[in-house]
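First the structure, in the form of C-alpha cells, and then the observations on it.
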Number of protein chains: 2
Amino acid sequence: MQITRYTDYSLRILMYLANKGDTLSTIKEIAQSYQISRNHLMKIVQQLGNKGYLVTIRGKNGGLKLNASPGDINVGRLVRDIEQDLTLVECMGSSNTCVITPVCQLKAVFSEALQAFLSKLDEYTLADLVALKHRAAFIQLLDPG
Amino acid sequence: MQITRYTDYSLRILMYLANKGDTLSTIKEIAQSYQISRNHLMKIVQQLGNKGYLVTIRGKNGGLKLNASPGDINVGRLVRDIEQDLTLVECMGSSNTCVITPVCQLKAVFSEALQAFLSKLDEYTLADLVALKHRAAFIQLLDPG
DNA sequence: CTAAAGATGTATTATGAATGCATCTTTATG
DNA sequence: CATAAAGATGCATTCATAATACATCTTTAG
C-alpha cells in the first residue's frame with residue numbers, strides 16, 4: 001500500500017513554499033532542492049494551481065507561492081484532492097469483476113478503514129508538517145547550493 | 001492508494017473457505033469460481049499456508065481448509081501479514097532520499113494514519129466478511145458451474 | 001504406478017507511475 | 001518591439017513491479 005509520488009511531491013512542494021512565506025519560488029529551484037524531476041514537478045504544480053493551493057505567476061520574475069496560510073491547508077483534504085485512485089480493493093472500483101460483491105462485506109470494511117485513515121490526516125495541516133522551530137533547518141536542507 | 005491483488009485474493013480465498021466449513025476445497029476450484037489465475041492463487045495459498053491461515057493437504061483428494069474458525073481470523077492482522085509494502089510515502093521506506101527527512105513530520109503523520117487504518121480493520125474478522133445470513137447466496141455465486 | 005493434488009523457481013506480460021522532450025503562452029525589462 | 005525567464009500543455013518514453021504463465025518437482029490415495 002503506497003500513495004503515489006505525485007501526492008508525496010505535492011506535500012513536499014507545499015512544505016517548501018510554507019517555509020518561504022510570501023517570497024516567490026520557481027519550479028526549477030524546488031526541483032533542484034529536492035533533486036527530483038523538473039518535468040514531473042511541473043505537472044504537479046499545475047494541478048496544485050488548478051485546485052487552488054498555489055498562486056502561480058507566469059513570465060519573467062514569476063514563480064509560485066501558497067494561496068493560503070499553512071495552518072489552513074489540511075493534509076487529509078489535499079490527499080483526497082490529489083491522490084487519483086483510492087480504490088483499495090478491486091470491489092471499491094468501477095471495473096470490479098468479483099462475483100461475490102453482492103453479498104461480500106469487504107468493500108464496506110475497507111471503506112471504513114479508508115475513512116479512518118483520511119480522518120486522521122484531517123487532524124493535521126501543513127503548519128504541523130513544517131513546525132516553526134524547524135524553519136531554519138528546513139531552509140538549510142533545502143538550499144540548492 | 002491500493003492494496004495488491006495478493007492481499008485482495010487472500011481475503012477472497014479465506015472467504016471461500018469460510019463458507020465451506022471443514023470440507024476441503026482445491027485451488028483449481030477456487031480459481032474457477034472467482035475466474036482468476038490458478039498460478040497466482042497457488043502462490044497466495046502457499047503463503048497463507050506458511051503463515052498458518054490454512055491447512056493444505058497434498059496429493060490425491062487433497063485440498064485446503066481454514067486453520068481456525070472465521071471468527072478468529074482478524075482482517076487487520078491478515079493485511080499486516082500479507083501486504084508486503086506498507087510504505088505509504090517514500091520517507092517511510094528504507095530507500096528514502098528526501099533531503100528534509102530529518103525535520104519533516106510527514107512520516108509521523110502518515111504512520112499515525114496507517115495505524116488508524118489498520119486499527120479499523122482490526123475490528124473485523126473473517127466471520128464479519130461472510131455473514132451467516134448470506135451463506136446460501138455466497139455458495140450460489142461461487143458455484144463454478 | 002498413476003493420477004490428482006499442492007510446492008517451487010524462473011520467465012514473461014501488462015499496467016501505470018514516473019520521467020523526458022518539444023512546443024506554446026505569458027510577462028518583465030532593456 | 002525583442003528577448004529572456006518563467007509557467008502550461010501534450011505526447012512519447014522509460015521503468016518498476018504486480019500479475020500471470022510455464023515448467024518441473026513433491027506428495028499421497030487408490
Side-chain angles (χ1 to χ4, degrees), chain A residues 1-10 12-13 16-17 23-32 34-51 53-65 67 82-90 93-95 97-98, chain B residues 1-10 12-13 16-17 23-32 34-51 53-65 67 82-90 93-95 97-98:
Chain A
M1 190 165 80
Q2 290 179 253
I3 61 168
T4 59
R5 292 278 161 101
Y6 237 83
T7 305
D8 191 344
Y9 289 174
S10 292
R12 295 193 205 179
I13 293 167
Y16 187 101
L17 297 176
T23 311
L24 289 183
S25 308
T26 66
I27 292 174
K28 191 177 170 190
E29 167 194 334
I30 299 174
Q32 280 174 353
Y34 285 115
Q35 298 174 61
I36 57 186
S37 158
R38 185 171 162 277
N39 296 284
H40 205 200
L41 277 199
M42 203 83 108
K43 309 203 174 159
I44 298 168
V45 163
Q46 256 188 79
Q47 209 178 331
L48 289 173
N50 289 337
K51 304 248 182 193
Y53 288 96
L54 304 182
V55 174
T56 63
I57 299 163
R58 285 184 170 199
K60 195 166 183 176
N61 301 332
L64 324 163
K65 62 177 184 173
N67 194 26
I82 300 297
E83 185 75 7
Q84 298 105 321
D85 185 1
L86 291 174
T87 303
L88 280 169
V89 285
E90 184 185 335
S94 55
S95 57
T97 64
C98 181
Chain B
M1 191 165 80
Q2 290 179 254
I3 61 169
T4 60
R5 291 277 162 102
Y6 237 83
T7 305
D8 191 344
Y9 289 174
S10 291
R12 294 194 206 179
I13 292 167
Y16 187 100
L17 298 175
T23 312
L24 290 183
S25 308
T26 67
I27 292 174
K28 190 176 170 190
E29 168 194 333
I30 299 174
Q32 280 174 354
Y34 285 115
Q35 299 174 61
I36 56 186
S37 158
R38 185 172 162 279
N39 297 284
H40 205 200
L41 276 199
M42 204 82 108
K43 312 215 166 146
I44 298 168
V45 163
Q46 255 188 79
Q47 208 178 331
L48 289 173
N50 289 337
K51 305 250 181 192
Y53 288 97
L54 304 181
V55 174
T56 63
I57 299 163
R58 283 185 171 198
K60 195 164 182 178
N61 301 333
L64 324 163
K65 63 176 184 173
N67 193 26
I82 301 297
E83 185 75 7
Q84 298 105 320
D85 185 2
L86 291 174
T87 304
L88 280 170
V89 285
E90 185 186 335
S94 54
S95 57
T97 64
C98 182

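Per chain, numbering begins at 1; letters A, B, ... match sequence-line order. Given the structure is predicted, the values throughout are model-derived calculations rather than measurements.
Atoms CD1 (A:Ile44) and P (D:dT9) sit 15 Å apart, rounded to a whole Å. Separating the CD atom of A:Gln2 from the C1' atom of D:dA18 is a distance of 11 Å, rounded to the nearest angstrom. Residue B:Leu41 contributes atom CG, which lies 12 Å from atom P of C:dA7 at whole-angstrom precision. One atom, NZ of A:Lys65, and another, C1' of D:dA6, lie 16 Å apart when rounded to the nearest Å. Taking atom CD on B:Gln47 and atom P on C:dA7, their separation rounds to 12 Å, with Å as the unit. What separates NZ of B:Lys28 from C1' of C:dA3 is a distance of 12 Å, to the nearest Å. Between A:Ile82 atom CD1 and C:dA17 atom P the separation is 14 Å, expressed in whole Å. One can place CD of A:Gln32 at 11 Å from P of D:dA6, the figure rounded to the nearest angstrom.
Shown here are the salt bridge (Lys or Arg N to Asp or Glu O under 4.0 Å) partners of B:Lys43, two or more places apart in sequence or in another chain: there are none. Every residue two or more places apart in sequence or in another chain was checked for a ring-ring contact (aromatic ring centres under 6.0 Å, His included) with A:Tyr53, and none qualifies. A:Gln2 is linked by a side-chain contact (heavy atoms from CB on, under 4.5 Å) to B:Asp85, counting only residues two or more places apart in sequence or in another chain. In this view, B:Lys51 satisfies the salt bridge (Lys or Arg N to Asp or Glu O under 4.0 Å) rule with no residue, not counting sequence neighbours.
Distances shorter than 4.0 Å separate none of the side-chain N or O atoms of B:Thr26 from OP1 or OP2 on C:dA4. B:Gln46 has no side-chain polar atom (N or O) that falls below the 4.0 Å cut-off from OP1 or OP2 of C:dG6.
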Pairs of donor and acceptor atoms involving the side chains of residues 55-63 of chain A, under 3.5 Å and at least two apart or interchain, shall be tabulated with distances.
none

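For the pair B:Tyr34 and B:Tyr9, the minimum side-chain heavy-atom distance is 4.5 Å or more.
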Nucleotides 18-30 of chain C: protein proximity per nucleotide (B base, S sugar-phosphate only, - neither; heavy atom, under 4.0 Å)
SBBB---BBBBS-
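The only option from A:Thr4, A:Leu48, A:Ile3 that meets the side chain to side chain contact (heavy atoms under 4.5 Å, CB included) definition with A:Ser10 turns out to be A:Leu48.
The residue A:Gly49 sits apart from the nucleic acid: no heavy atom pair falls under 4.0 Å.
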